[in-house]
Structures are given as C-alpha cells and as structure tokens.
Amino acid sequence: GIVLLALVGGWFALRGTPRTAAVPGSKRLAVLPFENQGAAADDYFADGIADEVRGKLANVKGISVIASASAKQYKGSTKAPKDIARELGADYLLTGKVRYAGTGAERRVQVVPELIDAHTGDVKWQQNFDADLTDVFKVQSEIASRVVGALGVALAGTEQAELARRPTDNVEAYQLYLKGRSIVNTDPASLRESVGFLEQSVTVDANFTEAWALLSMQLSRLYTNGNRDPAVSRRAKEAMDRAVALSPDGARSRLAKARYLFLVAGESNN
C-alpha cells in the first residue's frame, strides 16, 4: 500500500497540479502537439519541443496547463482552434510548426509558435525562431517566457529559473532521449527499442537525470511485461539509483523510484 501511494504521488508530482479544473484566476492553456514540417522521422523532435515547453509552463502558478494526454489527441487535427479550445475548456491554445534545416554540423532548427486567444480566435503572439540545433534549449525557454509575458503572468524567481533550466547541455544525448521517449508502445520489442536509445543517451551524458529516470521506468516495464530477466531488474535499479543520486527531490527521480519499487521490487517480495 505504501509503495502504491508512492507511485501515485510520484505520478502527480511529475504531472504537476491536476488540470481537470483551473486554478481560480489562472489562465487555462492547452499546448497542442507541434506540427513537424520536415521528414516524418523528425516527428519525435517536434513532439519533444512541445512537451518541454508544456512542462515549463506547467510550473508557472498563474497558468493552468491542460494535461498532455488531453492535448495530444489533437495531433494532426483539422478542427478549428475555437472548437478544440471549447472541447478542452481552454482560454488559450499554443500551437507551433517545427522544421529541421541543413545537414551535419550546420543543422538548424526553425520553430514558429503561435498563441491563440480561444475566445476571439485572434493570434495573441507569434514569433519565428531560427537557431543552431545546439541552441534548441534556449529556444524552448524563450518560447515559454514569451508565452508567460503575452498572458500577463508575473513570474517568481524560482519560476524564472525553471523556465531557463536545461535538461542537459548535450544535444546528441537529448535527441536520443527524445527518440526513446517517443516510443509509447509497451510490448517487449518496443520497450527494448526505447531502452536502446536511452542507454545511448546516458552514455553520451552520464548526468542526464531525465534520461536515467526514463531508462529505469522502461526497464521496469520490460521486466514485468513477460520478461523476468534478473539482468533487466538490476539495470532498472542501477538507472533508478543514478537518477535519485543526481536529483534526490526531482519529480522524475521519485517517479522512477516508485515505479521500480512497485513493478520490480514489490513483485520480488511477493
């Protein structure tokens, strides 16, 4: 029972305040999946940018961000923004278009976010970002900051720091992490594919907390999904321990620990 409570607590800590009802006086925002205008293989990157911006905005007290599970159902939707906003109960929608440009070391990322007032249908803010791929973290932080400003929300010092926080300084590790995260199926083959990307990510950056945490969670899923391999269990614990060591109070570290205790350690004690 304690482990189950820890799992639930970690889940809500990761997602932030439940978004089924807006905080009184807050602006209710839905961050829709960003449109990938490049190759289909780059879908994971467009989704990753939207997720990162959504996560940053969810930590701002004056904004109630609608849960990603609700917003992601509109990926590729042709519905009018007003209709989507009405269905989600949103005051504002944040949409975006993402494209890779160039090759190799000269590769650039182009992002065009657009903040829409759901009540009028007017564009409240839009800006073109064109930056080196290595500056993608700066672009994500800038988008979140500009949205906060356009909504007229005041930031506390800790919130400003969170908007500027980078999950890693290594773009290669980040891309591998996004590829691993983009695999949502939970069959053993898909989980192994996800684990493969995440193992590469933490090899490139051994201090990437989110990658270690997700690696542990995917391995815990793999262990309980018809694969009781002791090596998988050991690696899940190693990844969980590393995430906790890097960020003892981090939401993702706590979730990874709760999931390991519930899915792997809990089963071993039964």
Side-chain angles (χ1 to χ4, degrees), residues 2-16 44-45 47-48 51-52 54-56 58-59 68 134 136-137 140-141 158 161-162 164-186 188-269:
I2 293 173
V3 172
L4 181 57
L5 286 173
L7 181 64
V8 173
W11 168 248
F12 281 112
L14 178 63
R15 293 186 61 180
Y44 77 94
F45 195 73
D47 290 341
D51 286 342
E52 188 69 22
R54 182 186 296 109
K56 289 179 179 298
N59 289 314
S68 61
T134 53
V136 65
F137 305 117
Q140 292 168 343
S141 297
T158 54
E162 179 60 26
R165 187 185 72 85
R166 297 183 173 205
T168 174
D169 288 323
N170 191 299
V171 174
E172 181 186 357
Y174 185 63
Q175 288 180 292
L176 290 164
Y177 165 74
L178 292 181
K179 287 180 179 180
R181 191 174 71 175
S182 70
I183 300 171
V184 296
N185 292 333
T186 57
S190 296
L191 288 170
R192 290 190 187 97
E193 183 180 8
S194 174
V195 165
F197 284 124
L198 295 168
E199 288 282 15
Q200 293 178 66
S201 179
V202 298
T203 298
V204 174
D205 182 0
N207 296 317
F208 192 173
T209 303
E210 285 89 341
W212 281 110
L214 184 56
L215 174 60
S216 177
M217 288 188 281
Q218 294 293 68
L219 286 166
S220 293
R221 290 190 184 102
L222 179 60
Y223 179 81
T224 58
N225 196 1
N227 184 346
R228 302 308 198 269
D229 185 348
V232 172
S233 172
R234 285 194 299 271
R235 186 55 175 162
K237 186 178 187 303
E238 291 170 356
M240 180 268 291
D241 286 341
R242 180 61 176 163
V244 171
L246 288 168
S247 180
D249 298 321
R252 287 176 174 82
S253 300
R254 295 199 303 271
L255 181 58
K257 182 175 183 178
R259 185 160 293 174
Y260 171 80
L261 292 174
F262 181 68
L263 296 179
V264 182
E267 180 180 278
S268 299
N269 293 330

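Residue numbers run from 1 in the order of the sequence given.
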Any [X] side-chain heavy atom under 4.5 Å of [Y] side chain:
X: Lys257; Y: Ser253; result: no
X: Thr209; Y: Trp212; result: no
X: Ile183; Y: Lys179; result: no
X: Glu193; Y: Asn185; result: no

Check [X] against [Y] and note the closest heavy-atom contact, atom names and distance.
X: Tyr223; Y: Leu263; result: CD2-O, 4.4 Å
X: Ala213; Y: Arg252; result: CB-O, 3.6 Å
X: Tyr177; Y: Leu214; result: CE1-CD2, 3.8 Å
X: Ala211; Y: Val202; result: CB-CG1, 3.7 Å
X: Leu246; Y: Ala206; result: CD1-O, 3.9 Å
X: Ser194; Y: Gly180; result: OG-O, 2.8 Å

Just verifying a value: how many Å separate [X] [atom1] and [Y] [atom2], rounded to the nearest 0.5 Å?
X: Arg242; Y: Asn207; atom1: CZ; atom2: CG; value: 5.0 Å
X: Leu219; Y: Arg234; atom1: CG; atom2: CZ; value: 12.0 Å
X: Phe208; Y: Asp169; atom1: CZ; atom2: CG; value: 10.5 Å
X: Met240; Y: Arg254; atom1: CE; atom2: CZ; value: 14.0 Å
X: Arg228; Y: Leu222; atom1: CZ; atom2: CG; value: 10.0 Å
X: Gln175; Y: Tyr44; atom1: CD; atom2: OH; value: 4.0 Å

Inset, instruction - Could you tell me how the ring of Tyr174 sits relative to the ring of Phe137: parallel (under 30°), tilted (30 to 60°) or perpendicular (over 60°)? - result: perpendicular
Counting N and O atoms only, with roles assigned by atom type, does the side chain of [X] sit under 3.5 Å from a partner on the main chain of [Y], one being a donor and the other an acceptor?
X: Ser220; Y: Ser216; result: yes
X: Asn59; Y: Glu162; result: no
X: Ser201; Y: Phe197; result: no

Inset, instruction - Please step through side-chain contact (heavy atoms from CB on, under 4.5 Å) for the pair Leu215 and Arg235, ending with a clear verdict. - result: CA-CA 9 Å; Leu215 174 60; Arg235 186 55 175 162; 4.1 Å; yes
Inset, instruction - Kindly indicate, with the supporting measurements, whether the criterion side-chain contact (heavy atoms from CB on, under 4.5 Å) is fulfilled by Glu52 and Val136. - result: CA-CA 11 Å; Glu52 188 69 22; Val136 65; over 6 Å; no
Inset, instruction - Apply the test side-chain contact (heavy atoms from CB on, under 4.5 Å) to residues Met217 and Leu255: give CA-CA distance (whole Å), side-chain angles for both, the deciding distance (0.1 Å), then the verdict. - result: CA-CA 8 Å; Met217 288 188 281; Leu255 181 58; 3.7 Å; yes
Inset, instruction - Any salt bridge (charged side-chain N to carboxylate O under 4.0 Å, His left out) involving residues 200-221? Give me the pairs, sequence neighbours left out, ordered by first then second residue. - result: Arg165-Glu210
